2 protein chains.
Amino acid sequence: MDRHLARWRGKAPFDERVEAIVTRMQFLVKRFAQAKETALAELGIRDFEFETLHHLVARGDPWRATPSELAAELVVSPAGMTGRLDTLERNDLVRRIRGTQDRRRVDVELTDKGLAAWTSAMHLRAVAEKTIVGTLSPADQDTLSALLNQMLAHTESTL
Amino acid sequence: MDRHLARWRGKAPFDERVEAIVTRMQFLVKRFAQAKETALAELGIRDFEFETLHHLVARGDPWRATPSELAAELVVSPAGMTGRLDTLERNDLVRRIRGTQDRRRVDVELTDKGLAAWTSAMHLRAVAEKTIVGTLSPADQDTLSALLNQMLAHTESTL
DNA sequence: GACGAATAATTCGCTAGCGAAATACTATTC
DNA sequence: GAATAGTATTTCGCTAGCGAATTATTCGTC
């Protein structure tokens with residue numbers, strides 16, 4: 001992948017540094033995704049399933065959220081989230097509960113099976129991620145996290 | 001998105017720092033993707049089309065590569081790359097040329113139209129990316145790029 | 001020259017996700 | 001109470017990409 005960047009050195013009609021950052025991040029995120037899918041495959045769970053359960057667990061008991069909240073947090077369209085929830089519900093990992101005060105709303109709740117699946121998967125997935133991030137020292141990890149956060153703060157403010 | 005991370009503080013059964021890094025990178029890469037699709041939409045070109053043309057241009061005249069080379073550089077499966085090239089060929093952005101010395105191979109070559117499309121799109125896409133990365137100082141950008149590269153070097157060495 | 005292993009690209013069947021529209025519902029105004 | 005605008009979720013039609021298998025070709029061995 002750095003060969004790609006090397007080809008442009010000195011002659012690219014754009015900011016090479018920005019190009020390098022974006023390209024490396026894209027590449028790494030694909031690697032994270034591949035590592036996680038591989039690690040989770042032995043449990044028969046997909047990473048998008050895990051991520052969704054993860055966000056429900058993060059909310060604490062009673063582990064509920066609306067499809068819109070989940071869609072926003074996971075950067076997925078409403079239609080995409082509906083499809084995800086269809087899959088999770090079909091696998092008995094979540095249940096949909098119609099709102100009583102506002103029937104347009106749906107509460108997505110983690111099932112016992114979903115919580116157990118999350119528990120089993122969480123460690124495997126953490127190992128897969130740490131394998132890559134762990135090459136950095138803790139101090140470097142803090143630096144990286146802060147820089148990413150600075151860019152994130154910007155994207156949040158322009159929405 | 002940081003609300004998600006805040007929910008775990010102090011009680012997560014995994015390394016919060018690693019989680020923060022991976023989550024932020026995933027979020028940012030999605031934002032990059034959205035910004036680029038939006039910017040390129042006015043030219044009627046998709047980001048995956050641009051990325052593919054970009055890798056061909058990077059090789060210099062005569063702007064050729066095999067499907068396997070492109071698949072590896074862009075982290076796409078062979079089947080996925082075949083589909084991409086189908087789309088690019090249908091839009092007259094590339095042409096496929098059967099190898100003469102090894103007829104299993106195909107040479108993917110940029111067309112004039114493809115080069116023109118890359119030229120038009122390149123600036124728009126660079127602006128979209130810089131909008132986010134540009135919030136960091138040049139020194140911070142170098143730091144970020146180096147840290148990302150350190151992780152990348154590791155993933156390359158474990159393939 | 002025949003055969004088997006390996007390689008390159010494509011095909012096949014499938015899926016997660018998208019944008020836009022539709023449906024169901026709520027809130028506000030008259 | 002009726003009408004309208006807005007919201008939440010789902011439906012619809014489509015697509016980029018995947019894994020596995022297939023097809024065509026090359027290379028090495030006998």
Side-chain angles (χ1 to χ4, degrees), chain A residues 26-27 29-38 40-42 44-53 64-91 93-109, chain B residues 26-27 29-38 40-42 44-53 64-91 93-109:
Chain A
Q26 285 175 307
F27 204 97
V29 165
K30 284 195 177 187
R31 285 285 176 244
F32 284 136
Q34 287 173 339
K36 285 189 281 182
E37 284 292 341
T38 300
L40 294 174
E42 70 180 77
I45 189 172
R46 310 294 303 276
D47 190 53
F48 76 85
E49 293 178 294
F50 174 87
E51 289 295 340
T52 313
L53 302 180
R64 289 186 177 186
T66 66
S68 300
E69 287 168 337
L70 290 170
E73 288 174 19
L74 290 152
V75 196
V76 170
S77 73
M81 184 50 61
T82 294
R84 278 197 184 194
L85 296 178
D86 284 346
T87 300
L88 289 166
E89 202 173 27
R90 192 184 310 131
N91 294 336
L93 299 175
V94 303
R95 65 174 66 87
R96 277 174 165 116
I97 301 169
R98 193 122 173 265
T100 51
Q101 286 177 332
D102 186 340
R103 288 175 301 168
R104 288 171 297 179
R105 296 169 61 97
V106 163
D107 278 324
V108 180
E109 185 178 73
Chain B
Q26 285 175 308
F27 203 96
V29 165
K30 284 194 176 189
R31 285 284 177 248
F32 286 136
Q34 287 173 340
K36 285 188 283 182
E37 283 294 342
T38 300
L40 295 174
E42 68 181 77
I45 190 172
R46 309 296 304 276
D47 191 52
F48 75 85
E49 293 177 295
F50 173 88
E51 289 294 340
T52 314
L53 302 180
R64 287 186 179 188
T66 66
S68 300
E69 288 167 336
L70 290 171
E73 287 173 19
L74 290 153
V75 195
V76 170
S77 74
M81 183 52 62
T82 292
R84 277 196 185 195
L85 297 177
D86 283 347
T87 300
L88 289 166
E89 202 173 29
R90 191 184 310 130
N91 293 338
L93 299 174
V94 303
R95 64 175 67 87
R96 278 173 163 117
I97 302 169
R98 193 123 174 264
T100 50
Q101 286 178 330
D102 187 340
R103 288 175 302 167
R104 289 173 298 179
R105 296 168 59 98
V106 162
D107 278 325
V108 180
E109 184 178 75

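None of these values were measured; they are calculated from a predicted model.
- Relative to the axis of its first five pairs, the axis of the last five pairs of the helix from C/dG1-D/dC30 to C/dC30-D/dG1 sits at 0°, rounded to 10 degrees.
- Nearer the 5' end of DNA chain D, as judged by each residue's closest nucleotide, is the contact made by A/P67, out of A/P67 and A/K30.
- Nucleotides of DNA chain D lying under 4.0 Å from heavy atoms of chain A occupy a range whose first and last members, 5' to 3', are D/dG6 to D/dT11.
- Protein atom CD of A/Q101 is 11 Å distant from nucleotide atom P of C/dT26, rounded to whole Å.
- Separation of atoms CG (A/L88) and CD1 (A/I45) is listed at 8.0 Å; rounding is to 0.5 Å.
- The existence of a salt bridge linking A/R84 and A/E51 is excluded, since no basic side-chain nitrogen approaches an acidic carboxylate oxygen closer than 4.0 Å.
- Residue B/R104 contributes atom CZ, which lies 9 Å from atom P of C/dT7 at whole-angstrom precision.
- For A/R95, the side-chain contact (heavy atoms from CB on, under 4.5 Å) criterion is met by A/I97, A/E109, A/T111, not counting sequence neighbours.
- Between the CZ atom of A/R105 and the C1' atom of C/dA27 there is a distance of 15 Å, rounded to whole Å.
- B/V108 is not listed as a side-chain neighbour of B/T66, based on a closest heavy-atom distance of 4.5 Å or more.
- To the nearest 0.5 angstrom, B/E69 atom CD is 12.0 Å from B/R64 atom CZ.
- The closest side-chain heavy-atom distance from A/F48 to A/V76 is not below 4.5 Å.
- Between A/R46 and B/M81, the residue anchored nearer the 5' end of DNA chain C, judged by the nucleotide with its closest heavy atom, is B/M81.
- At whole-Å resolution of the value, CZ in B/R96 and C1' in C/dA8 are 12 Å apart.
- At least one side-chain heavy atom of A/D86 sits under 4.5 Å from a side-chain heavy atom of A/R96.
- Inter-residue side-chain proximity for A/Q34 and A/E37 is flagged as unmet; no heavy-atom pair is nearer than 4.5 Å.
- In terms of position along DNA chain D, the nucleotide closest to A/V106 lies nearer the 5' end than the nucleotide closest to the other residue of the pair B/A79 and A/V106.
- In this structure, A/R90 and A/R98 both approach DNA chain C, and ranking their closest nucleotides by distance from the 5' end singles out A/R90.
- The closest donor-acceptor contact from the side chain of A/K30 to the backbone of B/L74 lies under 3.5 Å.
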